[in-house]
**Student:** 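Pasting a structure below so you can have a look.
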Amino acid sequence: MTDAPGRLHAAIAELATFNDDVAAGGITREIYTPTYAAALRRVVEWMGEAGLETRLDAVGNLFGRWAGTDAGAPVVLTGSHVDTTLNAGAYDGVLGVLGAIEAVHALRAAGFVPRRSIELVAWAGEEPRFGTGCVGSRAAAGELSRADLDRLRGRDGVTMAGALRSAGFDPDRVEDARIDPATVHALVELHIEQGIVLETGGEPIGVVGAIAAPHDFRLTFRGAATHAGATPMDLRRDALVGAAEAVVAVERIARASSSGTTVGTVGVVRARPGAINVVPGTVELDVDVRDSDAAAREQVVATIVADARAIAAERGLELELAEIVEDVPVESDPAVVAAAQEAAAELGLTARTMISGAYHDAMIMGRRVPVGMIFVPSRGGVSHHPDEYTSPEELDRGVAVLAGTLARLSGQ
Ligand code: GLV
Ligand code: MN
Ligand code: MN
C-alpha cells in the first residue's frame, strides 16, 4: 500500500510535538503562531520529499502540486488543516494533510501518472482562533473580505489582520487567496470521523454525503453587578442565573428538533466581573447550533432566541443577540462520492455513506467546487481532545482509499 510503512505515523507523531501547551497534555497549535509556522515548515519539507512543488498564498494556505500530464486541466485538490483547537489531539486535520502526502508517495510507488494535476493543501485556520473557523478556505472561496480581517478577533483581542501581519502576511492582499472555481475539478478531504458512527457500525471507511453547518451566535445577558452579601435574593438581577437557564434551554430545544439531527452547544461562557463576592452583571454565551438540515436548524435557533428573550424578561435582564457565523450545509458531489466508494470497494473495504456533524474546509469550498470527504473511525468518537486516536491500520486504510479516489478523479 505504501513504499515506507510507518512514515505517516511517525510524521503524525512528530507534528504533535509542535505544541504550545505541553503542560495541559493535549496539543494547542493555533494559526499564525510561531509554533504553527514551524509546523508548516516541516510540512513543506515533507511535501518536498514527495516531489511536490510548494507555495504559500496570501493568507497562509500551503499548496503542494504534483503536475499532471494535462497542465491546463482543472486540478484535483486534496487536503485539510494542521492547526488545532485548544488542548486538542494529533489527528484532526493532520490526517488530511499528511495522509494526502502519503497517498502521493503510494501513487508514485505504484507508477501512477496523474492526468489532472493533484494539489495538496493545508488550509490556514480551520479551527476558530478568531471565533469563526475555516478562514483559509473562506479566503480561497472569495468569502473573506479585508473588513472581515479587522472584525474577526481572538480570545486575546488580536484581530485576524493583526495576526496575519505578525506572521509576515499582508492583510491587504487577502483577495489574492481567492481560487477561481473553474480551475478546480474536485476537492476531496480525508479526515477522522470525530464521532462514534463508524466504530459502532464496525465500518472502516465513511464516505460523506453531506456536511452539517453551524449557525453560531452570542447571547449577552445584562443584569446588575451588585454586592453578593448585601443584595437580598429577591432584589437581584443575576445575569448568570438567567444565562444558565438559557444553556439548559439550548439542550432541550436542540433535542426536540424536527430533524432529529440538530446539535446545540454552549461552548463559551464569559461571566463578569467574575468575583466570588459580586453578583454576575454581564454574561456572554457563545452558542453553536448545527445540522445538515438548514430549515430544522433555523427553527431551533429561532426557538432558542425566543426562549432566551422570555428568560431575560422574566428575570428583568437585558438580552442582546449578535451573529457570529451562519454557514450553509453542503452536499457532496455524486462523482466524488462515487470515486471514493469505488476506491473503497476495490480495496475490499465496506464504506458507509454518512453525514459529517463537524464542519470542514470542504464545506466552505463545496459552495464553489465539487467536494467529497472520506472518514476513518475515531476511537470512542473522541475528538477535540488529547485522547483522540485512530489506529495506524485505520489511518492506512483511509490513505489507500484517498489514493484510489485521487487516481480516479485525476484521470476523469
Ligand atoms: C471543526 O473543528 C468543527 O468544530 O466542526
Ligand atoms: Mn477540529
Ligand atoms: Mn478538522
Side-chain angles (χ1 to χ4, degrees), residues 12 15-16 19 21 26-31 36 39 43 61-62 78-100 120-138 154-155 187-198 206 208 210-217 254 261-268 286-292 297 324-330 354-366 371-378 381-390 395 398 402:
I12 290 173
L15 207 65
N19 182 4
D21 197 4
I27 301 162
T28 298
R29 188 171 55 241
E30 289 196 289
I31 187 68
Y36 179 83
V43 176
N61 293 318
L62 169 67
T78 184
S80 193
H81 60 100
V82 298
D83 64 321
T84 74
T85 190
L86 304 180
N87 198 31
Y91 302 86
D92 175 3
V94 168
L95 172 62
V97 177
L98 302 189
L120 273 58
V121 56
W123 298 110
E126 192 270 352
E127 301 290 358
R129 174 176 171 193
F130 307 103
T132 296
C134 301
V135 288
S137 50
R138 279 180 212 275
R155 290 175 306 282
L187 176 148
V188 59
E189 178 168 354
L190 171 64
H191 207 282
I192 55 167
E193 181 201 332
Q194 306 181 277
I196 204 169
V197 174
L198 291 176
V208 171
I211 307 173
H215 184 164
D216 292 352
F217 53 97
T261 47
T262 308
V263 288
T265 308
V266 181
V268 181
D286 289 0
V287 189
D288 174 278
V289 182
R290 308 192 193 191
D291 204 329
S292 54
R297 182 191 72 181
I324 297 176
V325 70
E326 184 177 345
D327 279 317
V328 186
V330 151
M354 60 188 296
I355 284 172
S356 171
Y359 63 67
H360 300 282
D361 296 295
M363 175 188 79
I364 303 296
M365 293 304 287
V371 298
M373 292 191 74
I374 299 161
F375 276 177
V376 291
S378 292
V382 175
S383 186
H384 284 181
H385 189 279
D387 292 345
E388 189 176 81
Y389 181 76
T390 301
L395 296 172
L402 176 65

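Bear in mind the structure is a predicted one, so any value in this text is a computation, not a measurement. For ligands, and for the atoms within them, numbers begin at 1 and follow the listed sequence.
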**Student:** Closest to the Mn ion (ligand 2), which N/O/S atom of H384 is it?
**Tutor:** NE2

**Student:** Please classify the R290 to ligand 1 contact at 4.0 Å (heavy-atom distances, strictly less than): side chain, backbone, both or neither.
**Tutor:** side chain

**Student:** Considering just N/O/S atoms, say which atom of H191 is closest to the Mn ion (ligand 3).
**Tutor:** NE2

**Student:** Could you check whether R138 pairs with D327 (Lys NZ or Arg NE/NH1/NH2 to Asp/Glu carboxylate O, under 4.0 Å)?
**Tutor:** yes

**Student:** I'd like to know whether ligand 1 has E126 as a neighbour, heavy-atom separation below 4.0 Å.
**Tutor:**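 Contact present.
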
**Student:** Does the residue Q194 have a heavy-atom contact with ligand 1, meaning some pair of atoms that are separated by less than 4.0 Å?
**Tutor:** no

**Student:** Side chain to side chain contact (heavy atoms under 4.5 Å, CB included) for T78 and L190? Distances and angles first, verdict last.
**Tutor:** CA-CA 8 Å; T78 184; L190 171 64; 5.7 Å; no

**Student:** Which single N/O/S atom of E127 lies at minimum distance from the Mn ion (ligand 2)?
**Tutor:**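 Atom name returned: OE2.
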
**Student:** Closer than 2.8 Å to the Mn ion (ligand 3), do we get an N, O or S atom from H360, backbone or side chain?
**Tutor:** no

**Student:** Mark up the atoms of ligand 1 that fall under 4.0 Å of a heavy atom belonging to A358, in ascending order.
**Tutor:** 5 (O)

**Student:** Taking the Mn ion (ligand 2) as the reference point, name the nearest N/O/S atom of D92.
**Tutor:**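 Nearest to the Mn ion (ligand 2) within D92's N, O and S set: OD2.
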
**Student:** Pull out every atom of ligand 1 sitting under 4.0 Å from any heavy atom of E127, numbered as shown with elements.
**Tutor:**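 Going through ligand 1 atom by atom, the ones under 4.0 Å from E127 are 2 (O).
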
**Student:** For ligand 1 and D92, I'd like to know whether there is a polar contact (N/O to N/O, distance under 3.5 Å).
**Tutor:**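 No; the residue has no nitrogen or oxygen that sits under 3.5 Å from a nitrogen or oxygen of the ligand.
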
